[in-house]
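Shown next, in structure tokens, is the structure this report addresses.
Quick caveat, the model's predicted, so the values are computed rather than measured.
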Amino acid sequence: MKNLLMLIGFGLIALNAQAQDQKREGKERLSKEERFEKMDADQDGQISQAEAKGRLKKNFATIDADQNGFISLEELKNKPKGKGKKGKGKRFEKLDADQDGQISQAEAKGPIKENFATIDSNQDGFISQDELKAAPKSAKRRERKTN
């Protein structure tokens, strides 16, 4: 009886592992070319705003570098890079209220404000995106949770 229960248990574990492998296989990332081809419904070599979906639709104007109302494969390949899943660049932009490319002490919030002098490595009174990236994680941690 114990052997039978162990055999059933191992069988269930094996089935679960196989199901997890299949699940991972289905979620493989498509290349930019494959995503472009999939989204280009009319196959005209460009993505219109009507064809765009998700983040591409939301950021259409930014990605459409030549502002012709369409996104080419080249524009998609050269689009501004997001920073991680939650968009570290977007977090910087959110703090940079006057959009001058740096965070002043008045714009800083939470642990970034508390650790401003440490993060501002060149001591110019502003935090650049590079300085924020280079800052110790402990100086940024709470800020991530609040945004």
Any chance you could measure [X], atom [atom1], to [Y], atom [atom2], to the nearest 0.5 Å?
| X | Y | atom1 | atom2 | answer |
| --- | --- | --- | --- | --- |
| L132 | D120 | CG | CG | 11.0 Å |
| F70 | E75 | CZ | CD | 11.0 Å |
| K38 | E51 | NZ | CD | 14.0 Å |

In this structure, are over 12 heavy atoms from other groups packed under 6.0 Å from K57 atom NZ?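 Yes.
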So for atom CD, which belongs to E33, do other residues, nucleotides or ligands contribute more than 12 heavy atoms lying within a distance under 6.0 Å? yes
Listed partners of E74 passing side chain to side chain contact (heavy atoms under 4.5 Å, CB included), at least two apart: S72, N78
Just jot down the side chain to side chain contact (heavy atoms under 4.5 Å, CB included) partners of F126, sequence neighbours excluded, or say none.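 Once residues adjacent in sequence are excluded, the partners of F126 under the side chain to side chain contact (heavy atoms under 4.5 Å, CB included) criterion are Q102, S104, D124.
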Give a yes or no on whether the backbone of [Y] and the side-chain of [X] come within a donor-acceptor separation of less than 3.5 Å.
| X | Y | result |
| --- | --- | --- |
| K113 | Q105 | yes |
| Q129 | G101 | no |
| D64 | N68 | yes |

I63: which other cluster members, linking ILVMFWY side chains closer than 4.5 Å, directly or transitively?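 Once heavy-atom contacts under 4.5 Å are chained together, I63 belongs with F36, M39, I47, L56, F60, I71, L73, L76.
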Give me the atom names and distance for the closest heavy-atom approach of I119 to A135. CG1-CB, 3.7 Å
